[in-house]
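Computed from heavy atoms alone, side chains included, the values below leave out hydrogens, waters and symmetry copies.
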Amino acid sequence: MISKRHLEVLMHKILFLFGSVFVLSVLVFYVSRLAPGDPLVSYYGERAEKMSPEEREWAENKLGLNDSIHVQYIRWLQNAFQGDFGISYKYKMDVTEVIGGRIGNTLILGGIGFVLIFVLALALGILCAWQEDKLADRVICRIGTITSCIPEFWLSLAGILIFATALRWLPSSGAYSIGKENSLADRVWHLILPLSVVVLSHLWYYAYMIRNRLLEEVRAEYVLLARMKGLCRRQVLFGHCLRNAMPAYFSLMALSVPHVLGGTYIVETVFSYPGIGTLTYESARYQDYNLLMLLSLLTGMIVISCNMLAQAVSERIDPRLRMDDRRNYEEVDRI
Amino acid sequence: MRDGFRVVGIRQTTEPPVSVSGSRRQGKPVVSVLVLLLLAVGCLTCDVFVQRNPSYLDLAHSCVAPNREFVFGTDTMGRDIFSMIWYGGRISLGIGLVSTFIATAMAVVLGAVSGCASRRMDGVIMRAVDILLSVPSLLVVILLQAVLGKAGVLSMSLVIGMTGWMSMSKVIRTEVRQIKNSGYVTASRCMGGGFFHILWHHLAPDFLSSVMFMVIMSVRTAIVSESTLSFMGIGLPVEIISWGSMLSLAEQALAGRAWWMILIPGIFLVTTLVCLTNLGNCLRRRVTARHSNL
């Protein structure tokens, strides 16, 4: 049942989301324009360097770059409210189109990576907790610590070096071979290396978290009681401990979305994978303002909403975490 | 009467042996600390045992595979990788330490202020931190770098330090809040303990262990950031030798199949990171001190 208070909390959250996106947009807008660099180079390429002052002025006028930043920002805001985010200087298309063409690739890489991390980390964590301090646990912990320490970009490089350059098993860059855009097998073949890097570099962090959570859990008194009642280890671990650990894991996974996304961006850049990570890097380096703006807002929105989701999940589990103590008591009373 | 009772259902557990030889070292990362020390000493004293100038471009011997003369080979610009590793290590480790110092200082100040402030103030600070966390750090790095001028060792540490304090300050704030509301602080205050007395005798010992863990992890993150940024071409330029900027020649190395140019700096980098992680993990509070009930 949705009560008035729930609605209030929801409104509060939505307001916060919009507020942060607004602040973020101001920050990114001013920061990107104050940073040195010539946006005309990204629009006109090499020609921009040979332009006469009059031509430059004309070009800047055309792109609306010679007004003061405040004017530019207000104009951008007005257009954005009508769904017009401007054109990309490099691709000379609507930024929404540019991003629309690329975001699918990132969602595939990041999405599959995220699901794999989620499932594999859980499996590994349970395995380690089950085998606590036995050989399997120790070996996995050692290997896991090492893999989680390798920076993504170097893991990608080593992967390319071994599997693409030396063994020639897998392609070293891109999302598909030229002329085979629609072949699923070809796409999967290109996805193997980047996907393994994304999964490997994040997997252990989360597996270790769930392992430690479970180890804490099996030291609780209720486990002793359950064992005394005659339940076997498997029943206790899966039926009781895992159940208690899962909610925290969900909240952790919500928090992990931005991390995995950031990792995906780096991996994309190394593999020249046509996703929004490569696009963000390009647009930030070459002053493609409008593109950069929308990409930052998109990333920021994902990060903020995931944080809010994580907070909501952990508040549901443990109402003591609520910021406002007074409301907290009401909540507890009602439950 | 006493003979009539018998204890049933007791769980026989053997006490973990305390003073078995070698147990003092158990769980302590001796190897990691030794390796780290070795690396640090090697980087600091490399003037003594490194004969070649790391930035000398020996174009006659460019891209030579490891052999007796060039132990780790040379890169595409003809520089000796063995000497670059040690001189570059100075910069990589130095940036890690300096930026951690900056990040920790900022995190401790803001986290402590936020933890002790009124609820409204605390909310404002934490929301601001949330927003800062959601700005793509790549963008912040490019801007800060632009403001600070040409990328150098100091500006790089400053940039990494200034982008790395947010999550640490959140942890410190939570820690301060938790401790501040706990019974023993109230008790100490009731007995007339002043602010600094409480801070020094009660708060600091309690959150030092978690802060130490965060600090070690922050050194790790800073080294990773430096190498990633330099690799992508927005950090240190190729002339300033660090483990990251050595890897920025990776594209040419891949084209020339020069595996040593990628693997050797990477192995040094990863070894350092693994040792730091082991050290950090041992500082963390132990969960497995008690016996498992399972």
Side-chain angles (χ1 to χ4, degrees), chain A residues 16 19-20 23-24 27-28 31-32 34-37 129 132-133 145-146 148-154 157-158 160-161 164-166 172 212 215-216 218-221 223-224 227-228 233 236-237 241 258 262 265-266 269-270 280-281 284-285 292 295-296 299-301 303-304 307 323-325, chain B residues 9 11 119 122-123 126-128 130-147 220 223-225 227-228 231-234 244 247 250-251 253-255 257 259 262-263 265-267 269-278 281 284 287-294:
Chain A
F16 173 66
S20 348
V23 176
L24 186 65
L27 266 177
V28 175
V31 160
S32 60
L34 289 174
E132 190 193 340
D133 253 352
T145 314
I146 295 174
S148 72
C149 280
I150 303 177
E152 279 121 351
F153 81 93
W154 192 73
L157 280 180
I160 293 176
L161 192 68
T165 319
S172 66
N212 283 355
L215 289 189
E216 250 172 76
V218 296
R219 280 164 178 71
E221 300 280 306
V223 175
L224 201 58
R227 290 284 286 159
M228 259 164 59
R233 287 185 77 202
V236 177
L237 188 69
C241 298
Y265 281 10
I266 293 175
T269 323
V270 183
T280 310
Y281 173 71
R285 274 207 88 177
L292 177 65
L295 284 169
S296 317
T299 314
M301 230 145 111
V303 174
I304 297 171
N307 282 348
M323 293 281 288
D324 196 331
D325 293 341
Chain B
R11 188 154 167 258
R119 185 172 298 155
D122 176 48
M126 281 302 118
R127 288 293 87 79
D130 277 342
I131 291 175
L132 280 180
L133 267 175
S134 66
V135 183
S137 60
L138 188 71
L139 187 69
V140 182
V141 167
I142 293 178
L143 171 89
L144 283 177
Q145 200 62 270
V147 171
R220 197 185 103 174
I223 293 178
V224 171
S225 308
S227 59
T228 307
F231 163 74
M232 289 170 97
I234 38 185
L247 286 166
E251 213 161 295
L254 281 177
R257 295 177 153 244
W259 53 268
I262 294 174
L263 289 190
I267 286 169
L269 189 67
V270 173
T271 311
T272 315
L273 298 175
V274 170
C275 293
L276 280 173
T277 313
N278 281 339
N281 277 340
R284 201 145 43 158
V287 281
T288 52
R290 281 179 298 144
H291 264 282
S292 169
N293 283 334
L294 193 64

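In this structure, B:W259 and A:T165 have side chains that are not in contact, with every pair of non-hydrogen atoms separated by 4.5 Å or more. B:T277 places none of its side-chain heavy atoms less than 4.5 Å from the side chain of A:I146. The shortest side-chain heavy-atom distance between B:S227 and A:F153 falls under the 4.5 Å cut-off. Within the 4.5 Å cutoff, the side chain of A:P151 has heavy atoms near those of the B:L273 side chain.
In this structure, no portion of B:L276 lies under 4.5 Å from any heavy atom of chain A. In this structure, the portion of A:T269 lying under 4.5 Å from any heavy atom of chain B is its side chain and not its backbone. At a 4.5 Å heavy-atom cutoff, B:T271 makes no contact with chain A through either its backbone or its side chain. Proximity to chain B is limited to the side chain of A:F16, based on heavy atoms less than 4.5 angstrom apart. When heavy atoms are compared at a cutoff of 4.5 Å, A:R233 approaches chain B by way of both its backbone and its side chain.
Rounded to the nearest 0.5 Å, atoms CZ (B:R220) and SG (B:C275) are 12.0 Å apart. Atom CH2 in A:W154 sits 9.0 Å away from atom CD1 in B:I262 (nearest 0.5 Å).
Heavy-atom pairs under 4.5 Å with chain A peak, among B:N278, B:L247, B:V224, at B:L247. Residue with the most contacts toward chain B among A:A129, A:C149, A:A158: A:C149 (heavy-atom pairs, distance under 4.5 Å).
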